[in-house]
2 protein chains.
Amino acid sequence: MEKGKSHVSLKDLAREIGVSISTVSRALNNHPDISLAMTLKIQKLAAERNYTPNPLAMGLLKQATRMIGVIVPDLVTHFYSSIISGIEQVAEEKGYYILIASSSESLQKEISSVENLLKTRVEGLIVCLSQETQSYAHFDRLIRNNIPLVFFDRVCRTGEVPSVVVDNMDAARKITRHFYKNGFRRIAYIAGPDHLNISQERTRGYLSGLESCGLDFDPELLVKCNMSSEGATEATSHLLQLPKRPDAIFGINDTVAFAAMKEIKRHGLRIPEEVALVGFTDEFHSTVVDPALTSITHPTFEIGKEAARLFFNRIENPDAKPVQVVLNTKLVVRKSSVK
Amino acid sequence: MEKGKSHVSLKDLAREIGVSISTVSRALNNHPDISLAMTLKIQKLAAERNYTPNPLAMGLLKQATRMIGVIVPDLVTHFYSSIISGIEQVAEEKGYYILIASSSESLQKEISSVENLLKTRVEGLIVCLSQETQSYAHFDRLIRNNIPLVFFDRVCRTGEVPSVVVDNMDAARKITRHFYKNGFRRIAYIAGPDHLNISQERTRGYLSGLESCGLDFDPELLVKCNMSSEGATEATSHLLQLPKRPDAIFGINDTVAFAAMKEIKRHGLRIPEEVALVGFTDEFHSTVVDPALTSITHPTFEIGKEAARLFFNRIENPDAKPVQVVLNTKLVVRKSSVK
DNA sequence: TTCATCAGCGCAAACCTTTGCGGTAACCTT
DNA sequence: AAGGTTACCGCAAAGGTTTGCGCTGATGAA
């Protein structure tokens, strides 16, 4: 291999054999116009020289970069990294790469990520909305130009954009009823911002669960937080200091659940004897904490794979109607919610 | 915006204004050859039409894709996702994107990831070796062609390739001495595969720590595992069933430490009264488990940022001598190791 | 008036690939 | 032997950008 030039081009091969570039190209693509002898000779040299087509040139020509942009609120939360892992697996099978950008839960960063990813000519985007996102104009351009777009978990525009979510309402209902069955009556819920679909849906499930158990809804027991550790800690502390404090809490996601657990312990209360706790989180974390956390486990890896599948459906069939895939969650009962 | 064509090219602008493509290009680059009036007119139109240079074309021309390949053993471990986050931050500042591939701790996948990333014409690679990797021939091509390459954490060829690591020997020494100071005498170490630098270095630190405390090294107390949950569980179980079982264990990384914790509990032993435990892990996980885990915390985010900085040094100064950056760890003492 | 100068712009090559079309032999047919 | 096939290959354009060089018209000087 020549120094300073790590990639061989068709031109290099053509020059070395003494034919034109087009002949080399056709030979490598087994075009019938090229004689067998010539084809073999060219393919042999190409293999020796380790030729691989330049994806930039192909991208220019075919207008297809084989890259997907992925925007997540953050990279370090297991929920997201696991989903990304799922996306990556399907993408790899299809020969696609993913470009990851994190919005850090900021609308501004989400907007600029969309722009930047489009600048790099990704073929489309797979997105989980940031916590701040309430306006969706930055996705208009994609929709208008029919650029593939898929939302997961935190979604919007479900009429126009395919999405994959879990059955949040059902999950929250299951939690509430589980608490009831285990003898808890003052069931609190630490929710997220109102504009997020996951928060709304889980709130509905919570209320529906209460009703189905014949429990009255006490507005004091529904608190909202910004889904950060700090916000959740504060929310938990608030709940625990109520005149009639709750005997059960469920948190809207991992971060909230763990912060709540720490805060309950800090208040010197025992879990689950004095305050039961259930979270929305994943298998691994739930088992490592003490007491082991009862939780709704998301099929995170599957969410990622499904999002990628929807994406490729869109690529292969641009005019198909947007569908929403709803995955089921599982309530895994552990120590934190059973006296 | 026209339907089906989401990106405006120089040609489009040129046609609309009625000048040549080169004039448009120069105007946008403020070339002095173009009159002020024309420059302004072109720039205005470009802004209206939302023109952005096509990175594929630029990539072809400049042979620079502004993309970095990153290969990690997995995506979901907090250690790696946090490092990736650090890399991403620095990359974003420089206007670079990162392409992530995970080796799943497999040499085969690592090799194919290197190949595939090179095919996509990334400008270089930032890599943490897979657990299986003992031969390094797949990096030869990069070194030979002077393609930027940086290793972190699990490294090799440190003479030829810049790298960022933590002071593993010092960290393991600190742990050993910490155990000793707190009254533990049978100190066990669950190591990883021999060929990994991190495993070797920590073993040396362990031995050195024992010696400096005047403790004899008991080979029974040094067990190796493959750093999976299963391997660590088995190793721990083995240690706990020794005739003279250890009263303190330290695990080589997150996975091992948590598996060990679960296994100790499963054996009905109390932490730290009967068996003390220390891990190599991160802040978040250490505090969420019970008892809170004493651990060496890696400056993960900083490792990522430093790796990216080394990478850009390499880009800007290709012939500089490869350096190794050694970051310090911190021993954070929590309940799991203090009687 | 005439030649040199210069501002301002276009041509074309380069990066790499694919592909419709045109071209050139050698062969076959009648 | 002349015209028609056919096998095999090259030209050139397309995709988008930058840039050295050449070209034009006008202005300045002599």
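Residue numbering restarts at 1 for every chain, and letters A, B, ... go by the order of the sequence lines.
Side-chain contact check for B:Ser113 and B:Asn116: no donor-acceptor pair (N or O, by modelled atom type) lies under 3.5 Å. For the 3.5 Å distance criterion, the side chains of B:Ser81 and A:Ser81 fail to qualify, holding no donor opposite an acceptor. Between the side chains of B:Gln324 and B:Thr158, no donor-acceptor pair is found at a separation under 3.5 Å.
Note: NZ (B:Lys62) to P (C:dC16) measures 15 Å, nearest angstrom. In this structure, B:Ile42 places its CD1 atom 10 Å from C1' of C:dC9, rounding to the nearest Å. When the C1' atom of D:dG16 is taken as reference, atom CG of B:Leu13 falls 12 Å away, rounded to whole Å. At whole-Å resolution of the value, CG in A:Leu40 and P in D:dC8 are 13 Å apart. Rounded to a whole Å, the CD1 atom of B:Ile34 is 14 Å from the P atom of D:dG20. The interatomic distance linking B:His31 (NE2) with D:dT18 (P) rounds to 12 Å, in whole Å. In this entry the distance linking CG of B:Leu10 with P of D:dT19 reads 12 Å, nearest Å. The interatomic distance linking B:Asn29 (CG) with C:dC9 (P) rounds to 15 Å, in whole Å.
Each of C:dT17, D:dC9, D:dT17 was ranked by its minimum atom distance to the side chain of A:Met38; first place goes to D:dC9. Taking every side-chain heavy atom of A:Ser20 into account, D:dC11 is the closest of D:dG16, D:dC11, C:dT17. Closest contact between the side chain of B:Ile21 and the listed nucleotides C:dC9, D:dT18, C:dT17 involves D:dT18. Closest approach to the A:Asn54 side chain among C:dC11, D:dT18, C:dC16 is made by C:dC16 (side chain taken as heavy atoms from C-beta onward). In the set D:dC9, C:dT17, D:dG16, C:dT17 carries the atom at the smallest distance from any side-chain atom of A:Leu61. Nearest nucleotide to the A:Ser22 side chain, out of D:dG10, C:dC16, C:dT17: D:dG10. Here C:dG10 is the nucleotide among C:dT18, C:dG10, D:dG15 with the atom lying nearest to any side-chain atom of B:Val19.
Using a 4.0 Å cut-off between charged side-chain N and carboxylate O, B:Lys44 and B:Glu48 make a salt bridge.
One finds a side-chain N or O of B:Gln63 lying less than 4.0 angstrom from the OP1 or OP2 phosphate oxygen of C:dC16. An OP1 or OP2 oxygen of C:dC15 is reached within less than 4.0 angstrom by a side-chain nitrogen or oxygen of A:Lys11. B:Ser25 has no side-chain polar atom (N or O) that falls below the 4.0 Å cut-off from OP1 or OP2 of D:dT19.
When side chains are defined from C-beta on, B:Arg314 counts as touching B:Asn146, because their heavy atoms get closer than 4.5 Å.
With DNA chain C read from its 5' end, the first of the two nearest nucleotides for B:Leu60 and B:Leu36 is the one closest to B:Leu36.
In the interface, the side chain of B:Arg26 is paired with the base of D:dG20 through a donor and an acceptor atom under 3.5 Å apart. Side-chain atoms of A:Arg121 stay outside donor-acceptor range of the base of D:dG16, with no qualifying N/O pair under 3.5 Å. Judged by distance alone with a 3.5 Å cut-off, no donor-acceptor contact links the side chain of A:Asp33 to the base of D:dC8.
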